[in-house]
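See below for the structure under consideration.
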Amino acid sequence: MATPAPGHSIDAQLRLLAPGKVSEDDKLVEYDALLIDRFLDMLQDLHGPSIREFVQESYELAAQYEGGHDAARLSELGTRLTGLAPADAIVVASSISNMLNLTNLAEEVQIAHRRRNKQNQHGDFTDEGSAITESDIEETLKRLVNELGKSKEEVFEALKSQTVDLVLTAHPTQSIRRSLLQKHARIRNCLTQLYAKDISEDDKKELDEALQREIQAAFRTDEIRRAQPTPQDEMRAGMSYLQETIWKGVPKFLRRVDTALKSIGIDERLPYKTPIIQFCSWMGGDRDGNPRVTPEVTRDVCLLARMIAANLYIAEIEELMFELSMWRCSPELKARAEELHSSSKTTKHYIEFWKQIPINEPYRVVLGAVRDKLYNTRERSLHLLTAGSSTISEESTIKSVEEFLEPLELCYQSLCASGDKTIADGSLLDFLRQVSTFGLSLVKLDIRQESDRHTEVIDTITTHLGIGSYRSWSEEKRVEWLLSELRGKRPLLTHDMPMSEEVADAIGTFRVLAELPADNFGPYIISMCTAPSDVLAVELLQRECHIKKPLPVVPLFERLADLQNAPGSMELLFSVDWYKERINGKQQVMIGYSDSGKDAGRLSAAWQLYRAQEDLAKVAKKYGVKLTMFHGRGGTVGRGGGPTHLAILSQPPDTINGSIRVTIQGEVIEYSFGEEHLCFKTLQRFTAATLEHGMHPPVSPKPEWRALMEEMAVVATEEYRSVVFREPRFVEYFRSATPETEYGKMNIGSRPAKRKPKGGIESLRAIPWIFSWTQTRFHLPVWLGVGAAFQAAIKKDSKNLNLLKEMYKEWPFFRVTLDLLEMVFAKGNPGIAGLYDNLLVADELKPFGEQLRNKYVETEKLLLEIAGHKEILEGDPYLKQRLRLRDPYITTLNVLQAYTLKRIRDPSFKVTSQPPLSKEFADENQRADLEKLNPASEYAPGLEDTLIITMKGIAAGMQNTG
């Protein structure tokens, strides 16, 4: 790769760094150069030429390092960056971070351009790290019929019975503030329009001015969250995606499904009462280790969601009232309209408008009555939220989806009977589909709590009853007692029972579930579930708190041992008559990718997740239970992330069967639903892949593949645990070589970083665990153990190398696992990790760090050999190009972060100060104001803000946080 010479503009640097255009119409470098050019001009106008020159020269040094990996360049860059005055350091860090965000936006526009122009020879483009086939819904249907021999009727029936449940979580991995995300969206839109066909010169000038405004507005916006968000804040942020893209995106996508069905000869539309996509949320319901999610918070977010839903419906139904102005109708609709018109029952808010609706517009009369009930529904929720009570009676509101749908269906059937089916299949059909998909609560709120909290509640009950300590009982005794109480009727909760704060909070949550309408809630998830008693305990507490319609209880198996024991636990539950009757033939089981990876390493966790699903499916089939797997995937590979389409298609056969639940976490929510076209693609990916997996399952592994994978998993687990849990130097090394201890200052979530504040690695949540290694570009949790597993397999029998190559070519699960690992190595850089070691790690720990980096290099070589690749990402030039354009920015931030951490942790570290560079801060008072943006900081002026900006910038550049 050409090494850019000093003095080049960043535009020229970008073109030299790009490894040649990968297609004639590749616009990435052009888009990127335009955005960076506009940014640098703005930077010079605001801060003067000295800052612009400094930023450019820093970028050039980083680019030179990327060309030859000369550690001297990193040292030179570090000397330059640490000499900055605090105010200038903040400006430089923010400049590099903003430029990196602009590069990401250029990528997104280029990917959209390639999609539109069908430049991707592999099919549709998927999540980062993959250019492997991903068909859209129409192509999937055609392939199932034309290539795989399925009848069109089979495909239609499978699609109608399919359910994909997407669960938006509040996991703290979205490092970019919402205000910045909105500005980025406007920049992306300006750039897209600038390169649109048939654009006039005047339009170009106006768009360019708008682009410059938005770039400056983003730069002038504080990147740092100055306060930790509340669970309500997280819920509002999540709801914004539902309001802005998902609400309109669902009916638009379902129309595309109708079109796809026509392409295979099905003239019938997808029935609106069978929503193939549904949405749930954990925001305000996930209390696992988060003391800020109280019963009151859960109540508030449910009422707020009902208010938002009612508002959306009111806006839609008012548009429908103006659209459905025709007078022809069925006798049934006419009779309903006359009845409503004569009664004139309405709210004061709408009474004047109501009187203006003539009786010869029957659709408007009927829809007007629905609108009035929606108004009451919204106002009652508002009163309950703000005052705790309401004068609006529940009878005057809409109480169920069935009640909501009935008058809408009456209008639809009337239009069809009157010869106006074309009109019925317009906005009214879209509205029916929205009601069926979103219900009255917009999203159903899942409740999640750790199993130990339920154990504590039951222990309090048994101790108060004088029958012993539940916590000390064996599993057999626990199950026996829980079942006897579930089959009986005696009350267990008494007013005089003493309760700790934690027990009162847990019981308070169940009482909120009893108070609010059942359609607010999804399932109740038990994290760290280890045994059948964990499930039965929740069932008993639901009964004790008088929940009329108990929530389905979902065990979440996370750690390796729990995954191994999961099939046995579920078999015991299914064999109990009481439980079998309770679940009515349906069961969800959640599997955790994050904590299993932290427990055993990515390779072992991936294999155990695969095996657990196979065994759970067999147990469910044995007992005649329809099993839905709930995949708790994060955004990073270390937490189960990766391309959606491939993730689904690589699951074991017979484990999806038209039903799947998946978490959409943190920054992945933005990547999935931040724009209209992203929302459409997300819905399409999940729908198409789920259908394809069910109708054309992937191959089962050959016995020899399975045996080798089993052997490698044992070796990988041992190697991983020997380092992470048994190596006495590891914890000190981890905390000194990464910014783990500074993670909490980012304020990117309401939840504490640890389940137990005083715990070690085992109590650290998977997100900060992965985040810390991602920052240093070492990604240890993803690859550690993999190289040892490969080496052991090949050492045992040299023929295993060919067997591994065969597994990579023919087994989807194994190929996806290794492809994602290769993508991680493409983002990694042991030289950068070495810089952190040199600056931050004690001398006695440095050999340990060097050993780990040697393991990294060995693992990468073995991976390439098995995949048959000469270099990383040789099969994906598009991704390789994108990463190369990002790398100099990330490297600059890495160097600035490492030296800033050095200054924070070692106050005696000497730096050579430079004179102030920015003309804007030439005045000493102005500099002081910027340097004291964070007055509560325990560090020297400017250091904390600089550190946080680098952390956010690196996360944006890696396109991963946790």
Side-chain angles (χ1 to χ4, degrees), residues 167-172 225 227-239 280-308 381-390 441-461 493 495 497-518 520-528 537-538 541-542 544-547 550-551 553-554 556 744 747-757 765 767:
V167 184
L168 310 183
T169 81
H171 282 57
R225 290 185 178 95
Q228 191 174 22
T230 66
Q232 291 95 325
D233 292 333
E234 292 171 330
M235 182 267 188
R236 290 186 186 95
M239 286 294 169
C280 286
S281 169
W282 281 10
M283 301 175 190
D286 182 7
R287 54 222 333 110
D288 175 13
N290 189 349
R292 305 182 78 189
V293 180
T294 62
E296 293 73 26
V297 165
T298 296
R299 184 176 183 274
D300 286 354
V301 298
C302 287
L303 292 169
L304 185 58
R306 288 181 97 79
M307 282 177 52
I308 294 171
S381 295
L382 174 61
H383 296 165
L384 292 172
L385 180 64
T386 56
S389 62
S390 177
S441 58
L442 197 57
V443 286
K444 291 183 182 297
L445 183 70
D446 286 8
I447 305 297
R448 185 170 81 132
Q449 181 59 279
E450 189 178 359
S451 60
D452 195 56
R453 184 60 59 84
H454 307 129
T455 300
E456 187 179 356
V457 176
I458 301 294
D459 186 75
T460 300
I461 291 171
L493 291 176
H495 294 295
M497 187 176 81
M499 297 186 198
S500 67
E501 188 176 332
E502 291 77 14
V503 170
D505 182 86
I507 292 174
T509 300
F510 284 103
R511 286 179 172 153
V512 167
L513 302 184
E515 172 195 346
L516 295 175
N520 278 301
F521 302 107
Y524 192 110
I525 297 150
I526 309 168
S527 59
M528 293 296 168
V538 173
L541 290 173
Q542 290 198 89
E544 281 303 300
C545 293
H546 310 293
I547 298 174
L551 279 60
V553 180
V554 177
L556 165 51
N747 287 326
I748 61 174
S750 68
R751 195 170 68 174
K754 288 185 176 182
R755 283 189 169 93
K756 297 175 182 177
R765 290 191 178 277
I767 291 168

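Source: prediction; values computed, not measured. Throughout, numbering of the chain's residues begins at 1 and tracks the sequence.
When the salt bridge (Lys or Arg N to Asp or Glu O under 4.0 Å) test is applied to R287, no partner is found at least two apart in sequence or on another chain. In this structure E515 satisfies the salt bridge (Lys or Arg N to Asp or Glu O under 4.0 Å) test together with R299, sequence neighbours excluded. Judged as a salt bridge (Lys or Arg N to Asp or Glu O under 4.0 Å), and not counting sequence neighbours, E544 has no contacts.
Annotation: side chain of P523 is in contact with side chain of D446 (closest heavy-atom distance under 4.5 Å). Between M499 and I507 there is a side-chain heavy-atom pair separated by less than 4.5 Å. I447 is not listed as a side-chain neighbour of F510, based on a closest heavy-atom distance of 4.5 Å or more. For the pair L541 and L513, the minimum side-chain heavy-atom distance is 4.5 Å or more. Using a 4.5 Å cut-off on side-chain heavy atoms (C-beta onward), E501 and D505 make no contact. With contacts defined as side-chain heavy-atom distances shorter than 4.5 Å, the pair L445/M235 does not qualify. Between L556 and R448 the shortest side-chain heavy-atom distance falls below 4.5 Å. Proximity of T460 to M497: side-chain heavy atoms (C-beta onward) are separated by under 4.5 Å at one or more points.
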Checklist entry - What's the verdict on side-chain contact (heavy atoms from CB on, under 4.5 Å) for V293 and T298, showing C-alpha distance, side-chain angles and the deciding distance? => result CA-CA 7 Å; V293 180; T298 296; 4.2 Å; yes
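When all heavy atoms of V553 and I526 are compared, the pair lying nearest together is CG1-CD1, 3.5 Å.
Classification of the Y524-H454 ring pair by plane angle, with boundaries at 30° and 60°, yields tilted.
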